[in-house]
Amino acid sequence: MTYQGLIHRYRQYLDLPAHTQIISLNEGNTPLIPMPRLGREFGCELFIKFEGLNPTGSFKDRGMTAAISEAVGRGAKTVICASTGNTAASAAAYAARAGLRSIVLIPEGKVAVGKLAGAIAYGAEVIQIQGSFDDALTLVVEITQKTPIALVNSINPYRIEGQKTSPFEICDELGSAPDWLCLPVGNAGNITSYWAGFKQYQKGLPHILGVQAEGAAPLVLGHPVDKPETIATAIRIGKPARGEQALEAAHESNGKIIAVSDAQILGAQRILASEGVWVEPASAAGLAGLVAETSRGSLDAKGKRIVIVCTGHGMKDPSIITESFTSPKLIPASYQALVDVIGE
Ligand code: F0G
């Protein structure tokens, strides 16, 4: 049978109401890429779950197919979300597919160009807020309490249901859960989903390493951060909606939530690209966390099976790369000039 998206494949494991009408872009089914060379450096068996290969370029499509399918089934006409960019693009795409109006609130000037372009291309009404993601989330919660507009942020329980399918896929492919699962943490919906998914699927439980950016690390500091700052704009969040559940996942799994610097994140992004996997900065946080933990001796990777979740594609945030490179060499269109420049 051809692949028809993750609700079709995993419906029996997803707590979705009977009125759900499936809206799908054949999301999910993303590759689990073996990383033998990098794995050797840690002495472990290493895989990347490349969520950047979902239809709109991030893992958000897993939760969005579920949230939009439920919203359509109950007759919603308009959906809204607050977003650092990826949720916006995903909501816009699935709303377009379903014929719904989509409104997205983003923090002023802090959304990567590939995400903003996506949201606009899919036809969302994009509104910038003079404030942070957290301020935008407060506003969309209020408006959805007072109007029939449907909320599609990960406070929406169906988002969590959809996102549980990534741990299902990992278990199906490996035969069991890995020893460690490393992933970035922003609003904390994804870590919550992974932990719920692994528990439900009963194919073993990983330790979870959740990774925040140093300038936006409320779960590490133990208090909200008023003005979160990080180059990894996807996780520039100071007051995670599912913070408690994230801490629980780390605690119950005998894992942890740590913070890494922007330099460590960019370093991990370069390492991944050198292995042929280009991810946006936030998506490199999982590897940055693994590097930090193993190099200070607080995580023993030796002989373990480890999965790093890379949540979004590098093409989401091209400026991070293009702002720091020098333009490609320009040569005359002659064979000799080519030989001269490549020196062979
Ligand atoms: N990685 C990427 C690429 C993201 O876009 C996000 C969140 C995360 C990780 C963190 O996931 O919030 O479930 O802990 N992006 C949201 C958005 C906030 O609006 O697109 P989380």
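In each ligand, atom 1 is the first atom listed, and ligand 1 is the first ligand listed. Since we're looking at a predicted model, the values are computed, not measured. In what follows, every heavy atom counts, from backbone to side chain, and hydrogens, waters and symmetry copies are set aside.
I155 is listed as a side-chain neighbour of V141, based on a closest heavy-atom distance under 4.5 Å. The closest side-chain heavy-atom distance from T322 to S319 is below 4.5 Å. Proximity of W180 to C44: side-chain heavy atoms (C-beta onward) are nowhere separated by under 4.5 Å. In this structure, the side chains of W278 and L272 stay at 4.5 Å or more apart for every pair of heavy atoms.
Note: the hydrophobic cluster containing I120 does not contain M315 (ILVMFWY, side chain heavy atoms under 4.5 Å, direct or indirect links).
The side chain to side chain donor-acceptor pair (under 3.5 Å) contacts involving residues 255-267 comprise T230-D262, K256-E293, S261-Q264, where partners must be two or more places apart or lie in separate chains.
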Mind listing the N or O contacts between ligand 1 and protein, cut-off under 3.5 Å?
| from | atom 1 | to | atom 2 | distance (Å) |
| --- | --- | --- | --- | --- |
| ligand 1 | 1 (N) | T311 | OG1 | 2.6 |
| ligand 1 | 5 (O) | N86 | ND2 | 2.8 |
| ligand 1 | 12 (O) | N187 | N | 2.7 |
| ligand 1 | 13 (O) | G189 | N | 3.1 |
| ligand 1 | 13 (O) | N190 | N | 2.8 |
| ligand 1 | 14 (O) | G186 | N | 2.8 |
| ligand 1 | 14 (O) | N187 | N | 3.3 |
| ligand 1 | 14 (O) | A188 | N | 2.7 |
| ligand 1 | 15 (N) | K60 | NZ | 2.9 |
| ligand 1 | 19 (O) | S83 | OG | 2.7 |
| ligand 1 | 19 (O) | T84 | N | 2.8 |
| ligand 1 | 19 (O) | T84 | OG1 | 3.3 |
| ligand 1 | 19 (O) | T87 | OG1 | 3.2 |
| ligand 1 | 20 (O) | S83 | OG | 3.4 |
| ligand 1 | 20 (O) | N86 | N | 3.1 |
| ligand 1 | 20 (O) | T87 | N | 2.8 |
| ligand 1 | 20 (O) | T87 | OG1 | 3.0 |

